[in-house]
Amino acid sequence: MTREAFWNLYMPGCVEHYLAHILRSASDFIPELDLVVEKDNRIIGNVMYTKAKLIDETGREKTILTFGPVCVDPDFQRQGLSKLLLEKSFTIAKQLNYDAIVIFGMPSNYVSRGFESCLKHHVSLNGTYPTAMLVKELVPGVLKEHQWLYQESPAMNVDMAKVDTFDQTFKPKAKEWQPSQEEFEIISHSTISEN
């Protein structure tokens with residue numbers, strides 16, 4: 001399902017199905033936030049979370065969350081299922097005492113779920129503010145009055161050679177270009193300026 005949902009969306013082929021495959025064995029993986037939507041005993045949607053870190057100007061570390069992949073079977077997209085998955089996951093995350101989430105994604109997909117620019121919350125990646133880095137405070141104001149550096153879980157680093165090997169276990173699919181890949185390239189390589 002994950003492979004079908006992401007195939008050729010952000011690049012020719014995809015890596016998200018491999019990421020979903022390896023995340024469950026990562027030390028930062030959070031089983032309580034591995035949620036699925038089922039229909040007729042078939043999984044049609046999924047979101048997975050891992051721990052990440054924010055480091056403030058004094059060097060203090062704060063454990064937060066990141067998610068990905070979040071996906072819905074292509075036959076069931078545009079029916080509110082990703083919204084359902086995310087809203088439920090936010091509720092559970094708060095019950096688990098997490099207070100912030102940082103993700104990389106298309107802003108148009110996530111601002112309606114309460115995500116905001118990383119610049120607004122002074123969360124940077126090596127001193128820059130990527131357009132695709134988005135922040136959601138589960139507890140309003142929890143990040144204010146600090147400058148933060150984001151540190152992703154090592155579990156999110158994908159070895160492309162292993163992706164290719166893993167992908168060979170599936171039925172072959174054509175890797176092709178489509179306009180959404182250029183849109184993603186633009187967003188994922190742009191930054192927001194403080195001025």
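In this structure, L9 and Q181 have side chains that are not in contact, with every pair of non-hydrogen atoms separated by 4.5 Å or more.
Between the side chains of D28 and S153, a donor-acceptor pair is found at a separation under 3.5 Å.
Side-chain N or O atoms of T169 include none that pairs as donor or acceptor with a backbone N or O of T165 at under 3.5 Å. Within the 3.5 Å criterion, the main-chain N or O of I55 finds no donor-acceptor partner in the side chain of K62. A donor-acceptor contact shorter than 3.5 Å is absent between the side chain of E38 and the backbone of I43. Remark: the backbone N or O of N8 is paired with a side-chain donor or acceptor of Q178 at under 3.5 angstrom. Although no hydrogens or angles enter the test, the distance criterion places no donor-acceptor pair under 3.5 Å between the side chain of H21 and the main chain of H17.
Of all non-hydrogen atoms in L134 and P107, the two that sit nearest each other are CD1-CA, 3.8 Å.
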Could you walk me through whether K173 and D167 pass salt bridge (Lys or Arg N to Asp or Glu O under 4.0 Å), step by step? CA-CA 9 Å; K173 287 178 67 86; D167 200 52; over 6 Å; no
Test salt bridge (Lys or Arg N to Asp or Glu O under 4.0 Å) applied to E152 and K53, step by step: CA-CA 6 Å; E152 194 168 57; K53 291 179 186 176; over 6 Å; no
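The cluster map of Ile, Leu, Val, Met, Phe, Trp and Tyr, joined by side-chain heavy atoms under 4.5 Å apart, puts L125 and L143 in the same cluster. No single ILVMFWY cluster, assembled from side-chain heavy atoms under 4.5 Å apart, contains both L54 and L138. I30 and F90 end up in the same hydrophobic cluster when Ile, Leu, Val, Met, Phe, Trp and Tyr side chains are linked at under 4.5 Å. By the criterion of side-chain heavy atoms lying less than 4.5 angstrom apart, applied directly or through intervening Ile, Leu, Val, Met, Phe, Trp or Tyr residues, V36 is grouped together with M1 in one hydrophobic cluster.
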Less than 3.5 Å apart, which donor and acceptor atoms pair up between the side chains of residues 70-86 and the rest of the protein, not counting sequence neighbours?
| from | atom 1 | to | atom 2 | distance (Å) |
| --- | --- | --- | --- | --- |
| D73 | OD1 | D75 | N | 2.8 |
| D73 | OD2 | R42 | NH2 | 2.5 |
| Q77 | NE2 | V72 | O | 2.8 |

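Through direct or indirect side-chain contacts shorter than 4.5 Å among Ile, Leu, Val, Met, Phe, Trp and Tyr, M48 is connected to M11, V15, Y18, L19, I22, L23, F29, M156, V158, M160, V163, F166, F170.
Counting only residues at least two apart or in different chains, ring pair (Phe, Tyr, Trp, His ring centres under 6.0 Å) contacts with residues 43-73 comprise Y49-F67, F67-Y110, F67-F115.
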